[in-house]
Amino acid sequence: MGFFSSSKKIYRDDFKKTLRKIPQLSPNERHYVEGVFSDSLKDGLSEYEMKKEISRLKRVSGDPLDSFEIDKLKKKLLEHF
């Protein structure tokens with residue numbers, strides 16, 4: 001862990017609660033996001049992992065999320081750090 005890294009992590013239950021607080025996400029989109037983050041959530045999602053997954057979401061074409069929804073997701077998740 002780097003000097004400026006946060007040791008705080010988001011765990012699966014809090015992650016799901018956060019997703020429900022984003023009204024722009026449909027149930028199918030929430031399910032998709034949970035799948036994308038599932039590996040990172042096993043031991044808790046760090047800020048670094050969250051940013052890496054968000055970056056990957058932005059690069060994937062054909063996923064159900066648009067850039068506005070991805071930005072909302074990033075903003076909500078960053079509130080935990």
Practice item. With sequence neighbours excluded, tell me which residues meet side-chain hydrogen bond (donor to acceptor under 3.5 Å, both in side chains) with Lys74. Key: none
Point to revise | Listed once per pair and sorted, the ring-ring contact (aromatic ring centres under 6.0 Å, His included) pairs that draw on residues 48-76, sequence neighbours left out | key: none
Review point. Is a salt bridge present between Lys58 and Asp63, judged by a nitrogen-to-oxygen distance below 4.0 Å?
Key: no
Revision key, fill the gap. Distance col, row Ser38:OG vs Arg12:CZ, nearest 0.5 angstrom, shows 6.5 Å
Review point. Between Arg30 and Leu25, is there a donor-acceptor pair closer than 3.5 Å when you use the side chain of the first and the backbone of the second?
Key: yes
Check your understanding: Where do Tyr11 and Asp43 come nearest, in terms of heavy atoms and distance?
Key -> CE2-O, 3.7 Å
Check your understanding: For the side chain of Glu29 and the backbone of Ser26, is there at least one donor-acceptor N/O pair under 3.5 Å apart?
Key -> yes
Point to revise | Lys/Arg N to Asp/Glu carboxylate O, Lys75 vs Glu79, below 4.0 Å | key: no
Point to revise | CA sep, side-chain torsions, deciding dist, call: Lys16, Glu34, side chain to side chain contact (heavy atoms under 4.5 Å, CB included) | key: CA-CA 8 Å; Lys16 286 182 177 185; Glu34 287 176 29; 3.4 Å; yes
Point to revise | Closest non-hydrogen atom pair between Phe15 and Ile10, with its separation | key: N-CG2, 3.7 Å
Practice item. Report the C-alpha distance between Arg59 and Ser55 in whole Å, list the side-chain angles of each, state the deciding distance to 0.1 Å, and finish with yes or no for side-chain hydrogen bond (donor to acceptor under 3.5 Å, both in side chains). Key: CA-CA 7 Å; Arg59 289 191 313 265; Ser55 176; 3.0 Å; yes
Review point. Going from OH on Tyr32 to CG on Leu19, what distance comes out if it is rounded to the nearest 0.5 angstrom?
Key: 13.0 Å
Study note, to complete from the structure: Separation between NZ (Lys21) and NZ (Lys76), nearest 0.5 Å, reads 6.5 Å
Check your understanding: Minimum heavy-atom separation for His80 to Thr18, with atom names?
Key -> NE2-OG1, 2.7 Å
Check your understanding: Hey, are Lys52 and Glu49 close enough for a salt bridge, meaning a charged N less than 4.0 Å from a carboxylate O?
Key -> no
Check your understanding: Where is the tightest heavy-atom contact between Met50 and Leu77, given as atom of each residue plus distance?
Key -> CG-CD1, 3.6 Å
Check your understanding: Quick one: CD on Glu69 to CG on Leu57, what's the gap to the nearest 0.5 Å?
Key -> 11.0 Å
